[in-house]
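Here is the structure we will look at.
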Amino acid sequence: MPELPEVERARALIEERAVGRTVAAVDDADGYVCRPHGPGEIADALVGRTFTAAYRVGKSMWVETDGGSGPDLGLHLGMAGRIVIGEESGGDPVYGGSGGSQADHTEGNPAWRRFTVEFEDGGPPLVLFDKRRLGRAVLDPDLSHLGPDAEEISRDDFRARVGKGDAPLKARIMDQSVIAGVGNLLADEALWRAHLSPIRPAASLDDAELDRLRVALRAATRRAIKLGGVHTGELIPHRNRKDGICPSCGAEMVRETVGGRTTWWCPVEQPWPLP
DNA sequence: ACACGTGTTATGCG
DNA sequence: TCGCATAACACGTG
């Protein structure tokens, strides 16, 4: 399930393999993935347009057409979306695979094709695969509700946005209107790296702790982009059903629902209240 | 059979 | 209206 790193890989793939190409046909027949557009609406807007750039904020990406004079194509991978162009893909880990950082090659069940763009050059189409259909393809997406991208937010901005409120810290950093791009796994990984408890009220952090979290989050994010996805994190493999062990100190980790999501943390290295 | 889930959002409540 | 919690969404997987 894609978080910022997987989406960034998908964006880079689109930039590399789809930008510069002109749209010949669009299959937007999946009315749920393409909502609120009616059938053919996205196709009518895009056919004849040329993709000129691919952008991303958080987990949302969009493709610019005709240098900005045409409509943007917004793409979101939801919980299980994957962009495939020819032999390359980016997004949700290979279906049925080990989820490692090996070259992605499998597009999965053909029934999971939810949105397709074909090009005039006759080359490989851009396909959104999504077994759960929680992904989206829309024209001119509204991104006004998103906070700054988690990888690029400044220190001062991070302090001001994250360090307030009574919600648990983990819920705060997963709130896409506060900072954009952090999902459940990346949140656990970054909090573990920063030695901060996910259940701390966000406003209880001082500036030094907020700075530590920002650095840990950025490091975890960049590492995940390089290695192929959030599932390559150091903590993630230890989020098993049984006896999760802190990969750093060996203590038995805690598993609880925080911010509505399953959360794992080390009670020794991420204590709350502070000792 | 049945609970769970790496995301988003409408709805409810104080 | 705001801040926060929860249910619902769709559907494959263990």
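Residue numbering restarts at 1 for every chain, and letters A, B, ... go by the order of the sequence lines.
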- Message: What is the separation between atom CZ on Arg136(A) and atom C1' on dT8(B), rounded to the nearest whole Å?
- Response: 9 Å
- Query: Rounded to the Å, how far apart are His231(A) NE2 and dG5(B) P?
  - Reply: 18 Å
- Query: Can you tell me how far the CG atom of Leu13(A) sits from the CD1 atom of Ile85(A), to the nearest 0.5 Å?
  - Reply: 4.0 Å
- What distance do Trp272(A) atom CH2 and Ile199(A) atom CD1 have between them, rounded to the nearest 0.5 Å? 9.0 Å
- Working to the nearest 0.5 Å, report the span between CG of Asp28(A) and CD1 of Ile42(A). 5.0 Å
- Message: At less than 4.0 Å, is any side-chain N or O atom of Lys59(A) found next to OP1 or OP2 of dT8(B)? Yes or no.
- Response: yes
- Message: By the 4.0 Å heavy-atom rule, please label Arg132(A) as base, sugar-phosphate, or nothing.
- Response: base
- Message: I want to verify a distance call: between dC11(C), dC4(C), dT8(B), whose nearest atom is closest to the Arg114(A) side chain?
- Response: dC11(C)
- Taking only N and O in the side chain of Thr262(A), is any of them less than 4.0 Å away from OP1 or OP2 of dG5(B)? yes
Just list the side-chain donor-acceptor pairs under 3.5 Å for residues 250-265 of chain A, sequence neighbours left out, or say none.
{"from": "Thr263(A)", "atom 1": "OG1", "to": "Lys170(A)", "atom 2": "NZ", "distance (Å)": "2.7"}
{"from": "Thr263(A)", "atom 1": "OG1", "to": "Arg261(A)", "atom 2": "O", "distance (Å)": "2.9"}

- Separation of dG7(B) atom C1' from Leu4(A) atom CG, nearest Å, is 13 Å
- Regarding Asp142(A) and Ser144(A), is there a side-chain donor-to-acceptor distance under 3.5 Å anywhere? yes
- Task: Could you check whether Arg35(A) gets within reach of a base, just the sugar-phosphate, or nothing at all, counting any heavy atom under 4.0 Å?
- Result: nothing
- Message: Mind checking if Asp166(A) touches a base, just sugar-phosphate, or nothing, with heavy atoms under 4.0 Å?
- Response: sugar-phosphate
- Winner on side-chain proximity to Glu3(A), out of dC4(C), dG7(B), dT13(C), is dG7(B)
- Message: Please pick, from dG7(B), dT8(B), dT13(C), the nucleotide with the shortest atom-to-atom distance to any side-chain atom of Met79(A).
- Response: dG7(B)
- For His76(A) and dG7(B), is the shortest distance between a side-chain N/O and OP1 or OP2 below 4.0 Å? no
- Message: Measuring from the side chain of Arg255(A) (C-beta onward, heavy atoms only), which nucleotide among dG5(B), dT8(B), dC4(C) has the closest atom?
- Response: dG5(B)
- Task: Remember a base hit wins even if backbone is also touched, and classify Gly260(A) as base, sugar-phosphate or nothing at under 4.0 Å, heavy atoms.
- Result: nothing
Could you pull out the protein-nucleic contacts involving nucleotides 10-14 of chain B (nitrogen or oxygen on both sides, under 3.5 Å)?
none

- Task: Could you grab the distance from atom CG of Leu210(A) to atom CG of Asp156(A), nearest 0.5 Å is fine?
- Result: 11.0 Å
- Query: Please give, in whole Å, the distance from dA10(C) P to Arg113(A) CZ?
  - Reply: 23 Å
- Item | Whole-Å P distance, dG12(C) and dT9(B) | 22 Å
- Query: So what does Pro201(A) hit on the nucleic acid, given a heavy-atom distance under 4.0 Å: a base, only sugar-phosphate, or nothing?
  - Reply: nothing
- Arg35(A) to Tyr32(A), cation-pi by 6.0 Å centre distance and 45° axis angle: yes
- Please state how far atom CE in Met174(A) lies from atom C1' in dT8(B), giving the value in whole angstrom units. 12 Å
- Which nucleotide, dA5(C), dT13(C), dT8(B), lies nearest any side-chain atom of Lys131(A)? dT13(C)
- Message: I need the CG-P distance between Asn109(A) and dC11(C), as an integer number of Å.
- Response: 12 Å
- Do the side-chain N or O atoms of His145(A) get closer than 4.0 angstrom to the phosphate oxygens (OP1, OP2) of dT9(B)? yes
- Would you mind checking if Glu3(A) and Lys59(A) are paired as a salt bridge, meaning a charged N to carboxylate O distance below 4.0 Å? no
- Note on the structure: Using Watson-Crick geometry (N1-N3 plus N6-O4 or O6-N4) or G-U wobble (N1-O2, O6-N3), each under 3.5 Å, dT6(C) is paired with dA10(B)
- Query: When the distance from CZ of Arg172(A) to C1' of dC4(C) is rounded to whole Å, what number comes out?
  - Reply: 10 Å
- Task: Return the value, rounded to whole Å, for the distance between atom CZ of Arg261(A) and atom C1' of dC4(C).
- Result: 16 Å
- Item | By side chain to side chain contact (heavy atoms under 4.5 Å, CB included) - contacts of Asp72(A) (at least two apart) | Trp62(A), Glu64(A), Asp140(A), Pro141(A)
